There are 2 protein chains.
Amino acid sequence: MELTSTELSCGSCALSRICLPANLSARETRILAGAVERGRELQSGARLIRAGARMDALYVVRSGSAKSCGVMNDGEEYVRAFNLPGEVAGLEGFADGHHTCDLVALEPLRYCRIPLGRLERLMETLPGLRREVLRLLGQSLEEAQRMRTEVSMVDARGRLASFLVDLSRRLERRNLPPTHFRLSMSRRDIARHLGLTLETVSRSLGAFRSAGWVEVRARYIKLLQPKALAALLAH
Amino acid sequence: MELTSTELSCGSCALSRICLPANLSARETRILAGAVERGRELQSGARLIRAGARMDALYVVRSGSAKSCGVMNDGEEYVRAFNLPGEVAGLEGFADGHHTCDLVALEPLRYCRIPLGRLERLMETLPGLRREVLRLLGQSLEEAQRMRTEVSMVDARGRLASFLVDLSRRLERRNLPPTHFRLSMSRRDIARHLGLTLETVSRSLGAFRSAGWVEVRARYIKLLQPKALAALLAH
DNA sequence: GGCCTCGATTGATCCGGATCAAATTCCGGC
DNA sequence: GCCGGAATTTGATCCGGATCAATCGAGGCC
């Protein structure tokens with residue numbers, strides 16, 4: 001699933017079906033590839049985007065994972081999103097040209113970078129890229145709004161189930177085992193993401209385990225009955 | 001603040017500073033105006049966008065107000081956003097070409113409509129319009145993500161204070177009295193928007209009234225000490 | 001104006017998840 | 001393998017807001 005350092009083009013990237021070029025023509029993908037820069041590998045905990053910084057590029061996770069996070073006035077951390085390979089981060093910067101939250105690596109991370117100036121110039125000539133960027137923004141917006149209603153209307157277990165099912169679905173799209181995976185984020189990060197405390201996350205996981213729906217060993221998790229989890233959402 | 005039926009162009013619209021053409025050149029605004037259709041007046045409760053419908057245009061509130069809302073699996077209504085004059089609705093449709101929530105008039109409503117096909121064609125030639133649409137999407141995304149963390153980390157009064165202060169700010173931008181206004185939405189709508197119950201909204205308003213921060217009479221509200229409300233956000 | 005209905009307020013009780021507080025497990029370094 | 005610190009689990013208690021219930025008020029209609 002990961003790219004070797006010899007790969008240079010979006011066209012041959014294993015993520016091309018998921019990432020920006022998903023719906024671009026071969027020609028458009030080739031042109032876009034010319035604008036993409038490869039970042040070096042970052043260590044776990046490294047900050048790729050800093051809140052308040054001028055938005056100068058879009059960032060795409062190539063391997064590893066990251067969290068989009070920040071701190072509230074009172075110093076409490078919040079986690080807006082987790083970013084898996086192929087996912088674009090920093091889109092909220094389009095609002096006023098500045099990022100409003102950090103992007104932090106959760107494990108060793110490689111990424112691609114598309115300078116904003118070049119992106120804007122390419123959008124002038126590539127209608128597919130225009131559509132794709134709009135689609136990405138629309139998708140992030142829809143996701144954020146959906147999460148917002150979920151946080152306010154679904155109880156702790158429902159939210160955790162939703163999180164696990166969603167993660168599973170995203171892993172599946174990347175041809176990774178969807179029922180047996182490692183959580184790259186801490187319980188605390190999950191809690192901050194779902195608007196819960198880490199104790200509640202732990203207890204809810206415990207409840208799923210007692211019910212025989214999941215197997216948990218530290219950060220490794222196996223979904224035994226994904227349907228039971230998904231059923232929690234239907235309510 | 002409202003347009004008369006004789007006004008035909010975005011350039012002469014009282015909302016042009018707030019609406020889509022905010023940062024467009026005079027020439028670009030003129031061209032965009034040619035693509036904008038005026039909708040007829042809708043009654044309170046009328047549905048301008050239906051969840052699941054194909055996205056065929058962007059809609060802008062011209063006068064009146066609306067709510068973006070839908071129902072969860074369990075039948076509970078949720079309210080994603082309230083839309084004031086000059087605000088664009090339906091952006092989440094860019095995700096996959098379909099709307100995911102309704103847009104419902106909260107009072108007699110007039111609107112503008114920009115057919116998607118024409119918008120896309122114009123974005124090809126008008127760089128300012130491209131930037132503006134990206135800015136709008138970024139802004140909505142940022143707003144949705146901010147609301148999401150707020151719902152999960154701020155208590156009931158803080159959220160209501162935030163809502164009132166935000167509303168006040170948006171009214172001010174429209175040259176409407178920012179401290180003395182009518183809420184076009186019910187307590188229930190506010191509650192659904194903030195992830196609370198209507199009883200809690202009512203009680204929190206009562207608390208603000210007792211503190212001498214606001215004056216409330218039915219849907220009319222006067223902010224006596226906006227700073228005290230804003231201070232709740234600082235936590 | 002007076003009625004009628006829906007929306008809003010106020011009150012009493014309950015509960016899910018937060019908070020505070022150990023105990024336990026995991027993992028990196030030696 | 002052993003050790004130390006951090007992450008996680010588990011336990012006990014508490015509280016904000018939900019829920020259930022009743023009253024009050026406002027605007028619409030005749």
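Below, chains carry the letters A, B, ... as their sequence lines are ordered, and counting in each starts from 1. Note that the structure is predicted; figures quoted are calculated from it, not measured.
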(request) Classify every nucleotide of nucleotides 2-8 of chain D by which part a protein heavy atom approaches to under 4.0 Å, writing B for the base, S for the sugar-phosphate alone and - for neither, in 5'-to-3' order. (result) -----SS
(request) Starting from C1' on C:dT25, measure out to CG on A:Leu205 and report it in whole angstrom. (result) 15 Å
(message) Under a 4.0 Å threshold between the charged nitrogen and the carboxylate oxygen, would B:Arg169 count as salt-bridged to B:Asp166?
(response) yes
(message) In this structure, how many angstroms lie between the C1' atom of C:dA8 and the CZ atom of B:Arg192, rounded?
(response) 15 Å
(message) Please tell me whether A:Asp102 and A:Ser68 have a donor and an acceptor in their side chains that are separated by less than 3.5 angstrom.
(response) no
(request) Establish, from distance only, whether the side-chain atoms of A:Arg148 and B:His193 form a donor-acceptor pair under 3.5 Å. (result) yes
(request) For nucleotides 14-22 of chain C, just jot down a letter per nucleotide in 5' to 3' order: B, S or -, based on protein non-hydrogen atoms under 4.0 Å. (result) ---SSBB--
(message) Looking only at the side chains, is there a donor atom on one of A:Arg80 and A:Thr100 sitting less than 3.5 Å from an acceptor on the other?
(response) yes
(message) Looking at A:Arg157, I want to see if its CZ is surrounded by more than 12 non-hydrogen atoms of other residues, nucleotides or ligands under 6.0 Å.
(response) no
(request) Answer yes when A:Lys67 and A:Glu77 have at least one side-chain N-carboxylate O distance shorter than 4.0 Å, and no when they do not. (result) yes
(message) Would you say CZ of A:Arg50 has more than 12 non-hydrogen atoms from neighbouring residues, nucleotides or ligands within 6.0 angstrom?
(response) no
(message) For A:Glu199, is there an ion pair with A:Arg187 - N to carboxylate O distance below 4.0 angstrom?
(response) no
(message) If I take atom CZ in residue B:Arg217 and atom C1' in nucleotide D:dG27, what distance separates them, rounded to the nearest angstrom?
(response) 12 Å
(request) Rounded off to whole Å, could you give me the CG-to-C1' distance for the B:Leu183 and C:dA8 pair? (result) 12 Å
